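Just so you know, these numbers use all the heavy atoms, side chains as well, and skip hydrogens, waters and symmetry mates. Remember, it's 1-based here, ligands and their atoms both numbered in the order they're listed. All values reported here derive from a predicted model rather than from experimental measurement.
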Amino acid sequence: MIRLFFFCLAFLGLMVASLFAQPIVDISPSVAWQGKVIEVKIPAAGITGVEGKFLGQKFKLYPQEDNFVGIIGVPTDQKPGNYNLRLIITQTDGKTIEQVEMLKVWPTKFPVTRYWLKPSRNKLRARNIIDNEWSEIEKVLLHESEKRLWSGQFALPVKGEKSQGFGQLQIINGKRSGSHKGVDLAVPIGTKVFAPNAGQVVFTQKLKAFGGTVVVDHGQGIHTLYFHLSKFAAEVGQDVKQGDLIAYSGNTGVSTGAHLHWGMSVHNLRVDPEQWVKYEM
Ligand SMILES: [Zn+2]
């Protein structure tokens, strides 16, 4: 009896020890919403590097004060359910351990919007035009610099009424189109567009489908995108801080009226920029 008691005690001790051997991972928010991001934080003590894997995406966690921090997005069409978040942790002793956390993907309600495009605008939606232009934009989105340039919450690039939210399912000229990859803010042509946070301008081009396009690199795989612009006010390579003028809004490309399309890209996945305005990342 006594022997069994000590055996149980030893077993319990082992279990507690193994629990404490694993670093405590802080995941915020605790559920992963479709179209939103989650932030993964792990104390840096005894660790030299961390890589994450979630929903088939690999991402790097970067040193940030006393932690390693990584941000990862959830595709809008990800099936709700439980998924593993895998963290590959390299310790100071050179050993690599894998830690698995279970995360719940929750559905986001995306409304359906129908709109009509004039034939002259609609023909700009040709697959080859969109594919060619997108592959140019994607080149800069795939570039991931080690340094975090942004800090705190993002500001809105323009003050305007939201005319279409992120992830809305679009029916254009009666045909089902893809989901909306950004937020549309209705503002008159020529409205000043300001950098929502610090970064570097990495793309300025007049495109047929996306119209006047600017991309700002905020570091560590985070980019913001601006479409349908009428004029640029910053050059490629220019460093910007929050509130700096980068462009003027317009109605160029595949657009039904004067507005700014504001997009957010996290490791080349489009997510809802509004989350970054409401919460600090
Ligand atoms: Zn849009």
Side-chain angles (χ1 to χ4, degrees), residues 34-37 73-77 108-118 120-127 129-138 140-141 154-196 203-216 222-232 246-266 268-278:
Q34 289 172 332
K36 303 270 201 288
V37 297
V74 182
T76 50
D77 58 358
T108 300
K109 215 172 161 56
F110 298 116
V112 178
T113 42
R114 293 162 193 274
Y115 61 91
W116 290 87
L117 275 170
K118 287 191 288 188
S120 60
R121 298 268 184 168
N122 198 34
K123 70 170 197 266
L124 301 172
R125 287 172 62 227
R127 196 71 262 166
I129 298 177
I130 291 191
D131 286 351
N132 285 340
E133 293 187 351
W134 184 253
S135 70
E136 283 303 304
I137 298 170
E138 203 170 35
V140 297
L141 302 183
F154 278 61
L156 285 171
V158 292
K159 279 194 179 71
E161 201 188 314
K162 185 165 72 174
S163 52
Q164 209 192 140
F166 176 83
Q168 292 197 2
L169 307 162
Q170 306 177 107
I171 296 173
I172 305 172
N173 296 2
K175 279 187 190 156
R176 180 74 181 266
S177 183
S179 71
H180 189 229
K181 305 278 193 278
V183 169
D184 286 349
L185 299 161
V187 282
I189 293 172
T191 300
K192 286 177 177 171
V193 178
F194 301 107
F203 189 98
T204 59
Q205 262 191 57
K206 286 187 172 161
L207 303 173
K208 282 181 183 163
F210 299 95
T213 300
V214 166
V215 180
V216 178
I222 312 298
H223 296 81
T224 48
L225 304 95
Y226 309 82
F227 296 156
H228 315 301
L229 301 166
S230 59
K231 213 172 132 189
F232 305 133
I246 52 169
Y248 295 88
S249 72
N251 184 25
T252 56
V254 181
S255 172
T256 53
H259 77 282
L260 172 74
H261 171 103
W262 184 34
M264 185 113 206
S265 178
V266 173
N268 197 26
L269 177 79
R270 255 58 55 208
V271 296
D272 188 357
E274 283 195 293
Q275 188 185 8
W276 296 68
V277 176
K278 288 177 187 151

- What N, O or S atom of His261 is found closest to the Zn ion (ligand 1)? ND1
- Query: Are any of the side-chain heavy atoms of Glu136 and Phe203 separated by less than 4.5 Å?
  - Reply: yes
- Any donor-acceptor pair under 3.5 Å from His228 side chain to Thr252 backbone: yes
- side-chain contact (heavy atoms from CB on, under 4.5 Å) with Arg121: which of Asn251, Asn173, Thr256? Asn251
- Among the N, O or S atoms of His180, the one nearest the Zn ion (ligand 1): NE2
- Over all heavy atoms of both residues, which pair between Leu117 and Ser255 is shortest? Give the atoms and the distance, please. CD2-O, 4.0 Å
- Atom name of the N, O or S atom in Asp184 that lies nearest to the Zn ion (ligand 1): OD1
